[in-house]
Amino acid sequence: MSGALRLGFVAMPATTKGVLVLFCGDALKFGPASRKVIGAAGNLIERAAKAARYTGRSGTVLDLPVPEKLGVDRLIVVGIGKASALKPSDITKFGGIAMGKLPASASDAVVFAELPDGAMSARQAADLAMGMKLRNYVFDRYKTKRKDDDKPADKKISVAVADVAEARKAFAPCEAISDGVIIARDLVNEPANVLYPAEFARRATALRKLKVAVEVLDVAAMRKLGMHALLGVGQGSAHDSRMVVMRWNGGRKTDAPVAFLGKGVCFDTGGISIKPAGGMEDMKGDMAGAACVVGLMHALAARKARVNAVGVIGIVENAVDGNAQRPGDIVTSMSGQTIEIINTDAEGRLVLADALWYTAKKFKPKFMINLATLTGAIIVALGHENAGLFSNDDKLAEQLTKSGLAISEPVWRMPLAPEYDKLIDSKFADVKNTGSGRWAGAITAAQFLQRFVADKIPWAHLDIAGTGFDSRQSEINRSWGSGWGVRLLDRLVADHYEK
Ligand code: BES
Ligand code: MN
Ligand code: ZN
């Protein structure tokens, strides 16, 4: 949880005290309002820039404590490079860079939302503030011994804009989205002794405040529905499994919903096919897919998205006790298909099998997109830079690819094909839960999921094992749990599925 961030908008020209943040383009080009304040300091900036070989290249920072003749304690200049070629995600990044410099300061700060050719639009100012908010996030709930000079200071940060009312209006949806990302990060960062399935479900019910209908299915309810693929995974744990169904109805009554599903394995020991000890602590993040869905539902509801959306998350702990599922066990999924368990560590797909079937049958959605930290193999293939995308629908795949690029959460499409599908045919049951060897491990996992997509509904699977946690750090994310996917899917909805 972040130190109290008091982030607001003020009108330009703003009083400049405390810390001042300005943006400059190539060749140290400032906007008019910025020029006016720094004019008071004569050629101080030029001298400092020359001494530091600073030119305003994109992403670079010139940091001047107690600059002479300026009334501020500190002047921070963030370079934006070529001002004409800026994308929204660039502006968000600059907000992150600016915020990255602020925690060390004690005093209030003013950030001039100005580009070399004049004030930022309200939209740009909102993107900037979103970057600041996302960068400010720290999960320090369990740090009880931080020294005073290591704690984020309680201070006010003002973004100076041309039109405060317009900026506030533009920021409202951005705030909804960044709160969604932060909810997802908190859930992923939380340890598994605190965040077990019932507690995860309880936290999801907070969405009711935003008029999201939240239904929690317990073990008895899932048994009734025949969800033995999911239940088999949770049966070795002291913590009972749950499924949470979230519904936001912001669209027309008769419109079919869009559906988002998440793997919510609160902790993945591997089960009887137990994982090695090294790094196993990371498996508290094996619910990043489900966390994203909760954060996304928050974003959609909080910004009153004009769409009908359902979120379905399967929440279990994959643990080991005398009742744990064994390799060789055969379970009957809700779809009726029987599954031979080859490896109890391939549990996420079992959870999603029932969630996918349930969602298709119950909601007949326009599409289903599931997110899952599903395979180590996708990290081997794509590292931490791209999430794996598998889809039975070219249009949906393309929309996801474009949205990902637009907000810097890229996805890379991987193949599905009958040749891979046959690798999961089972000797004893309809299907087995792993391929025969380790080759194409991310693909055979996706093929398994596809067998549980009913009625040829457009479907996409995002394998976020490399991006959901312990991922590439960026200017807008310094958290282990990244909240990856919330911004991507919100963008997908906003661009293509809102009336
Ligand atoms: N949760 C893991 C995948 C994972 C690994 C996510 C590392 C993030 C980081 C998943 O349940 C798993 O164990 N997958 C196995 C599948 C195998 C047994 C077929 C894997 O990837 O090794
Ligand atoms: Mn596993
Ligand atoms: Zn797992």
Side-chain angles (χ1 to χ4, degrees), residues 188-189 192 195-197 200 229-230 232-237 241 261-292 313-320 324-329 339-355 370-388 390 414 420 423-424 426 431-449 461-472 480-482 484-485:
V188 177
N189 286 326
L195 196 76
Y196 47 89
F200 194 136
L230 183 152
V233 175
Q235 78 186 28
S237 167
S241 305
L261 299 88
K263 166 181 174 180
V265 177
C266 291
F267 195 81
D268 182 9
T269 67
I272 297 278
S273 317
I274 200 160
K275 288 185 180 295
M280 206 209 273
E281 66 278 10
D282 278 2
M283 286 300 114
K284 72 171 183 174
D286 207 19
M287 28 56 69
C292 172
I313 55 179
I315 325 176
V316 304
E317 179 177 65
N318 188 21
V320 212
Q325 172 159 269
R326 293 150 289 260
D329 283 5
I339 306 167
E340 183 190 7
I341 309 299
I342 300 297
N343 188 317
T344 64
D345 198 10
E347 84 296 341
R349 61 198 77 182
L350 298 167
V351 172
L352 284 171
D354 282 337
N370 73 253
L371 302 102
T373 47
L374 205 63
T375 67
I378 202 66
I379 315 178
V380 175
L382 300 175
H384 299 283
E385 313 304 322
N386 277 267
F390 300 83
M414 304 280 290
Y420 296 111
L423 301 177
I424 52 170
S426 159
V431 62
K432 57 184 178 179
N433 79 330
T434 69
S436 307
R438 56 192 198 93
W439 308 127
I443 306 175
T444 49
Q447 294 290 166
F448 182 92
L449 295 181
H461 153 51
L462 295 170
D463 194 333
I464 61 168
T467 55
F469 56 78
D470 195 22
S471 56
R472 175 174 53 98
W480 183 79
S482 61
W484 192 98

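Model, not experiment: these values are computed from the prediction. Read the numbers this way: they start at 1 and go in the same order the structure lists the ligands and their atoms. One-based numbering along the sequence shown.
At a threshold of 2.8 Å, the Zn ion (ligand 3) has a backbone or side-chain N, O or S atom of Lys263 nearer than that distance.
Within the set Thr375, Val380, Leu374, the minimum heavy-atom distance to atom 10 (C) of ligand 1 is found for Leu374.
In terms of protein heavy-atom proximity, atom 8 (C) of ligand 1 is nearest to Phe469 CZ, 3.5 Å. Protein heavy atom in closest approach to atom 21 (O) of ligand 1: Gly376 N, 2.7 Å. Protein heavy atom nearest atom 12 (C) of ligand 1, with residue, atom name and distance: Asp345 O, 3.2 Å.
Contact annotation: for Thr434 versus ligand 1, heavy atoms closer than 4.0 Å belong to the side chain alone.
For Asp268, the N, O or S atom closest to the Zn ion (ligand 3) goes by the atom name OD2. As for Asp268, its N/O/S atom nearest the Mn ion (ligand 2) is the one called OD2. In terms of distance to the Zn ion (ligand 3), the nearest N, O or S atom of Glu347 is named OE2. Nearest N/O/S atom of Asp286 with respect to the Zn ion (ligand 3) is recorded as OD2. Within Glu347, the N/O/S atom positioned nearest the Mn ion (ligand 2) carries the name OE1.
Contact annotation: Arg349 has at least one heavy atom less than 4.0 Å from an atom of ligand 1.
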